[in-house]
Structure formats: C-alpha cells, structure tokens
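Everything numeric here is computed off the predicted structure, so don't read it as measured data. Note that these values count all heavy atoms, side chains included, but never hydrogens, waters or copies made by symmetry.
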Amino acid sequence: MASGDRDDQRFVEIIGVPIEAGAGHPGALMGPAALRTAGLVRALRELGHEVRDLGDLTPDPWSEGDAATARLAEITAWSRALADRSYSMMRGGGVPVFLGGDHSLSMGSVTGVARHCRETGKPLFVLWLDAHGDFNTPHTSPSGNMHGMPVALLCGEDGFDDVFPPEQRATVNPAHVHLFGIRSLDPGERRLLRARGVDVVDMRLIDEHGVGVHMRRIIERVRQAGGHLHVSLDVDFLDPAIAPAVGTAVLGGATYREAHLIMEMLHDAGVVGSLDVVELNPFLDERGKSALLLVDLVASLFGRRIIDPAVTQSQIGGQAV
C-alpha cells in the first residue's frame with residue numbers, strides 16, 4: 001500500500017457495516033462512525049490515496065421471530081448484502097476497507113473477496129489478527145454468538161448452509177488462513193483448527209520469536225503464490241491497556257509497537273488487497289483512545305512512516321537519525 005511521498009498511491013473504498021447482532025455486548029454498531037470521527041478518511045487522503053467513502057451498508061429487511069431466529073436472520077441479511085457489495089468493490093479495482101461492527105461482518109466481506117479471487121484465479125490468503133480463533137460452529141460455540149464463528153463459515157464448516165445462497169457462496173482454503181495473536185480458544189474450535197490445518201500463531205509464539213519472524217513467513221507464502229491477502233483486524237488483537245473499546249477483551253495482547261510493525265511490514269510487502277476493522281465498541285472506549293489507535297494502524301498499513309527507508313545516512317549528510 002502507499003506512502004504519500006512515493007508513487008504507489010491506491011484507490012481506497014470505505015464502507016461502514018454497523019452490525020452488532022453477532023456480538024454479546026451492544027455498541028459495536030457505533031464503530032464505523034467512531035472511526036470516521038477519529039479521522040480515518042483524512043489520514044488516508046493525507047497519504048496521497050484517492051479515497052471514496054461509500055457511507056454505511058443497509059441490508060434488506062429480515063424476518064422477525066424469537067430472539068435467536070431474529071439474530072440469525074439479521075446476520076444473514078447483513079452477510080448477503082455485504083458479500084454482494086464486497087464482490088462489486090473488488091471488481092472495481094480498488095482496496096475495499098470494511099468498518100465494523102462486530103466480526104460476523106467478515107462472513108460477508110471475505111466471501112465477496114473470495115468469490116472475486118476465485119473468478120480471477122488469484123489465491124486468497126487471510127490474516128486474522130484477533131485474540132480468538134473465531135472457528136466455532138453452531139454445534140461447538142459455548143455462547144452462540146456468531147462473531148466467534150466467521151472463520152469456520154469461511155472455511156466451509158457445517159452448520160452455515162442457510163447463510164448464503166449457492167451463487168454467493170465462496171470459501172477459503174483453511175491452509176491459507178493465518179490466525180495471529182491468538183490467546184483464547186474454546187475446546188471445540190481447538191480440535192477443528194488442528195484437524196483443518198489452519199496456521200495458528202498464538203501469543204506464546206510471538207513472545208518467543210517476535211512478530212517479525214512469523215510475519216515474514218506469512219508474507220513470503222502470499223508472495224510465492226502470487227496471492228491476495230485479506231487482513232481482518234479485531235480490536236481485541238491489541239492489549240486492552242492500549243485498546244479498551246471491545247466487549248471481548250483478553251489480557252496479554254499485541255503491544256503498540258508490535259501492531260505497528262505488523263502493519264508496516266504488510267505495507268512494505270505490497271500484498272494486502274482488502275481490510276476489515278472490526279469490534280470497535282465506542283461505548284467502552286476511553287476518550288476515543290481505541291479509535292485513534294486503529295486509525296494510526298490503518299495509516300501504517302497504507303504507508304505512513306517516520307522516514308522513507310530509501311533516505312540513508314549518506315543521503316542526509318551522514319548525520320545520525
């Protein structure tokens with residue numbers, strides 16, 4: 001992605017997805033507005049990108065029923081509408097950025113990206129930056145909340161047949177999914193992740209080797225395959241001390257510098273083609289602290305840096321920097 005002082009500007013399309021039906025705590029529907037208020041569009045434009053804000057998605061009306069039926073119907077309506085919009089945004093040739101909203105939105109965003117990648121013959125890889133594996137199914141989930149199930153749906157697990165009609169459905173190869181920063185798994189999803197061969201980089205591995213080792217490995221995989229990398233960034237990937245605005249906080253998350261390093265490495269690699277920013281709950285934030293940090297991270301992903309690496313000491317008179 002791009003830096004304002006380099007010739008690699010991109011066309012970026014932003015759409016808000018104010019859904020919270022998949023989460024256990026209300027408030028995530030305010031996430032898109034908070035990210036805009038925190039200056040996301042302005043930050044990307046200052047980097048030289050052409051940015052089009054498409055406003056917020058509106059799904060078709062859904063059928064009401066008991067609480068569980070109504071929530072599933074609502075998530076299905078959002079997922080189908082977003083899958084179509086994601087697909088059309090990909091066909092437009094820009095970089096789609098989906099602002100959430102809870103993580104169930106990725107059922108729609110990634111399905112649309114996967115459909116486009118299937119048609120163009122480009123391998124799709126997914127980098128899931130999250131405290132949780134999100135690989136539960138309706139049969140394994142302790143809570144029943146669908147924001148803990150999107151990766152399972154995307155990888156074709158049973159229990160989701162009614163979410164998408166056949167013409168929309170497109171899955172992701174589990175071997176192309178990288179869960180990064182994980183520190184909370186339920187027993188059922190742990191078994192499924194092992195059985196499906198999903199790459200899981202938990203915080204133990206990050207503590208032991210650092211984020212750079214694992215990010216380089218993932219980036220190289222995508223590069224060698226000539227793939228498209230979709231990044232799905234959940235607020236709870238970050239340590240709650242620096243990003244408290246999430247209803248599923250888990251201690252021991254990524255630090256400020258670890259998160260920025262990931263984004264900077266992804267930008268330099270040039271492999272990211274689409275992005276989710278999810279689970280921001282402004283109701284739980286502290287004076288916009290989490291929203292502002294997310295904007296900074298997205299800016300790093302799109303090329304914000306302290307100084308261009310091409311500017312060496314010899315080019316600036318040998319002065320230390």
Side-chain angles (χ1 to χ4, degrees), residues 12-36 40-41 52-92 94-116 126 134 136-138 141 143-154 156 159-172 230 232-235 247 274-283:
V12 182
E13 284 194 310
I14 293 173
I15 188 163
V17 191
I19 178 176
E20 63 181 19
H25 300 272
L29 64 79
M30 299 184 289
L35 289 165
R36 291 184 176 103
L40 180 64
V41 174
R52 179 186 299 166
D53 188 346
L54 302 177
D56 287 349
L57 183 71
T58 303
D60 292 333
W62 56 87
S63 301
E64 296 292 342
D66 60 48
T69 301
R71 289 181 73 180
L72 178 58
E74 181 178 353
I75 292 166
T76 298
W78 280 101
S79 296
R80 293 181 179 186
L82 185 53
D84 279 344
R85 181 61 66 90
S86 171
Y87 174 70
S88 66
M89 291 167 76
M90 287 293 298
R91 291 191 68 185
V95 180
V97 177
F98 307 98
L99 308 180
D102 74 68
H103 220 156
S104 68
L105 75 84
S106 297
M107 296 179 178
S109 64
V110 182
T111 292
V113 172
R115 180 181 167 197
H116 183 264
V126 176
D134 293 349
N136 271 304
T137 73
S141 173
S143 69
N145 292 329
M146 289 194 74
H147 70 167
M149 306 184 197
V151 185
L153 175 143
L154 294 169
F160 304 100
D161 292 344
D162 296 333
V163 176
F164 294 110
E167 64 271 16
Q168 272 192 320
R169 196 172 298 128
T171 57
V172 181
H230 178 93
S232 198
L233 171 61
D234 189 314
V235 179
S274 48
L275 171 68
D276 304 323
V277 184
V278 303
E279 295 286 351
L280 176 66
N281 187 333
F283 189 73

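- Without hydrogens or angle criteria, Q168 side chain to R80 main chain gives a donor-acceptor distance under 3.5 Å.
- Using modelled atom types, no side-chain atom of R169 and backbone atom of V163 make a donor-acceptor pair closer than 3.5 Å.
- For the pair D60 and A77, the tightest heavy-atom approach, listed with the atom from each and the gap, is O-CB, 3.7 Å.
- Counting only heavy atoms from C-beta outward, the side chains of H230 and V172 never approach each other to under 4.5 Å.
- Closest non-hydrogen pair, P32 versus V17, comes out as CG-N, 3.8 Å.
- For the pair M107 and M149, the minimum side-chain heavy-atom distance is below 4.5 Å.
- The heavy-atom pair separating G27 from P282 by the smallest distance is O-CD, 3.4 Å.
- Side chain to side chain, H103 and D134 meet the donor-acceptor criterion of an N or O pair below 3.5 Å.
- Pairing each heavy atom of N145 with each of G22, the nearest pair is CB-O, 3.3 Å.
- Considering every non-hydrogen atom in both F164 and S79, the closest pair reads CE2-O, 3.4 Å.
- Although no hydrogens or angles enter the test, the distance criterion places no donor-acceptor pair under 3.5 Å between the side chain of S141 and the main chain of P138.
- Under the side-chain contact (heavy atoms from CB on, under 4.5 Å) rule, V278 has a single partner from D102, L99, L105, I19, which is L105.
- Annotation: salt bridge (Lys or Arg N to Asp or Glu O under 4.0 Å) contacts of E74 (sequence neighbours excluded): none.
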**Item:** Evaluation steps, side-chain contact (heavy atoms from CB on, under 4.5 Å), between L57 and W78
**Value:** CA-CA 8 Å; L57 183 71; W78 280 101; 4.0 Å; yes
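- Using a distance-only test at 3.5 Å, with no hydrogens or angles considered, a donor-acceptor pair links the side chain of E20 to the main chain of A28.
- To the nearest 0.5 Å, atoms NE2 (H116) and OG (S88) are separated by 10.0 Å.
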**Derivation and outcome, side-chain contact (heavy atoms from CB on, under 4.5 Å), residues L154 and V126** = CA-CA 10 Å; L154 294 169; V126 176; 5.8 Å; no
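- Here the closest non-hydrogen pair linking V113 and S86 is N-OG, 3.3 Å.
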